[in-house]
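This one's a predicted model, so the numbers in the text were calculated from it and none came from an experiment. Just so you know, ligand 1 is whichever comes first in the structure, and atom 1 is the first atom listed for that ligand.
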Amino acid sequence: MGHVKFHLGYFTKFGATSWPGDGKEFGSNWIDGSYHKELAKMLEAAKFDFVFFEDTLIVGDRYGGSMELDLKNATLAPKLDPIPLLPVMAQDTSHIGLIATASTTFYPPYLLARLLSTVDSLTGGRAGWNMVTSSEKNAALNFGMDKLLPPTVRYDIADEYVDLVKQLWDSWEEGALVADPETGVYVDHTKVHTVDFVGEHFRSRGPLNTVRSPQGYPVLAQAGASERGREFSSKNAEVVLGMMTGGVPGMKAYRQDIRDRAEAQGRNPDDIKVIFLTPVNILPEGVEKPEMTEAEKQVSFEHNIVMASSSLDVDFSQYDLDVPVPQDIVAGGHTSALDYMKKAGREEGKSIRDLFSVGKGASGMDFSGTAQQVADKMMAVMDEVGGDGFLIEGSGYNRQLPQLVDELVPALQQAGAVRTEYTGKTLREILREF
Ligand SMILES: Cc1cc2nc3c(=O)[nH]c(=O)nc-3n(C[C@H](O)[C@H](O)[C@H](O)COP(=O)(O)O)c2cc1C
C-alpha cells in the first residue's frame, strides 16, 4: 500500500544547540554562522523542505528572578537574530526553504516587510516568516511596555499587521522592474503604488522602496492552537505548526479544523500544510531507549522550567516543586498549558518536577527505535492523520543528525513517503508539490 507523502522541516534556533556538551561537538561553532551553513547543506542533501528558526527576544529570569539557569544551560539566551542568517545559509544551497520567526508585537510593519522582502530576494525565493505575537513579559519590558496585551488582542493586532505587510509587498506589481536601456526606464512607475493604509493600530503610506521579491511574499507560517490562534492561522498561514500531545486523534482533528476554517475563509485547504513538531530518537539495532540519568533529568528540568516560567509567566520557584501540581497557580501567559499541568497534578499526582524532568521536546508520541522502526511509526501516523508532515526537533539533537539524514530519511524515501528531489524552485512551489 502506498503511503501518504509528507513534508519534512527541521526545527532549530540561532543559538547553542549542542550544549551541554564538550564545546567541540558539531554545532559548537555557531556564532559566525558556520554551523548553520553546514546544517543547511546536510538537510538539503537529504531533501528537507525547510529549516525553521524559532526566536524570542529575552534573557529568561522569570524563575526565581535570576538569569542563572537560562544562561547556564543556553536555554532562551544567547540567541542571535535568525533573519540575517537565512541568506548566509542560502549561499551554498539552492532549494531548501529558510523560515525565521519575527514578532508582530515588536517589529514596525514597514521595516519587517522591507527586511523579509530583502531576504526573499537574497535567498532566491526561499524565505518564510513565522508570525508570532510573543508571549514573554520580559520582551514587553525590553520595548518600553509594562506588559503584553491579552493574547486575543495581540492576534487582532497581528491580523491587521499581516494585512498591511501584504499590501506593502503588493505595492510593487510583478514586472515593475523593467531596466530597459532603450527607454532609459529602470522601474515602470505605473506599477508601483502607495498603499495609504489606515487601520485601527497601524498607518502606512507606502510603497515599499524595495523591488518585488521572487515569491512576492515570504511563505507565512504560524503556530497557535487557541481558538483565536486557529482563526488567525487559517486566515493567514501557509504552514501551520502543531503539537502532537493529543496523539493521532488530536492531530487529525487539529489538521481538519484548520482545513475547514481555511475553506470557510475562501482558501484552498491544500495551500496550508499542517506540520507537527516532534523529536526523534534513532537507536542502533537491539538497543533500547536508555533511561535518563539523574544528571540528564536535572538538565531537562532546568531547561523546561526556564522555558515555562517565561512563556506561562509564572515564577514556579514560589511553589513546592515536589507535591502534586498546586491548583492555585495563576499564569499571566498561556493558560491552556497550565490547565494541562494542573490536570496532571489532580488526576495523576504529578509534581512540577515530574512534569519538567522529561526530555527536551517530549511530544507524547514515541518516535524512538531503529531508523526503520521510526520511519514506520512516522508513516503510520501520517497515513492516519492524512498529512502534512513533521517538523523534526533539532535543537539539542545535533548528535542525531547523521542518523537522521543517512538512515531515517532514506528509509522514508524508499517507502515513497517523502521527497527524493525538488521540482519547485521557491519555497512556496516546493510546499505545494504535494
Ligand atoms: C512549534 C511551535 C513553535 C513556536 N515558535 C515560537 C517562536 O519561535 N517564538 C514565539 O514567540 N512563539 C513561538 N511559539 C508560540 C506560538 O506562536 C503561540 O504563541 C503559542 O503556541 C500559543 O498560541 P495560542 O495561544 O494560540 O495557543 C511556537 C509554538 C509552537 C507550537
Open item on the list: Check Arg62 with Glu136, please: is the shortest side-chain N to carboxylate O separation under 4.0 Å?
Closed with: no
Task: Cationic N near anionic O, under 4.0 Å, Lys13 to Asp55 - done: no
Task: Heavy-atom closest pair, residues Ser103 and Leu57 - done: CB-CD1, 4.5 Å
- [ ] Kindly give the heavy-atom pair with the smallest separation between Ala46 and Gln413, and that separation in Å.
- [x] O-NE2, 3.6 Å
Task: Side chains of Phe434 and Phe6 in contact at under 4.5 Å (non-hydrogen atoms) - done: no
Open item on the list: Strictly under 4.0 angstrom, heavy-atom based: which residues surround ligand 1?
Closed with: Phe11, Glu54, Asp55, Thr101, Asn130, Val132, Ser134, Ser135, Tyr155, Ala223, Gly224, Ala225, Ser226, Gly229, Leu241, Met243, Leu277, His334
TODO: Report the residue from Arg346, Lys343, Lys342 that forms a side chain to side chain donor-acceptor pair (under 3.5 Å) with Gln327.
DONE: Arg346
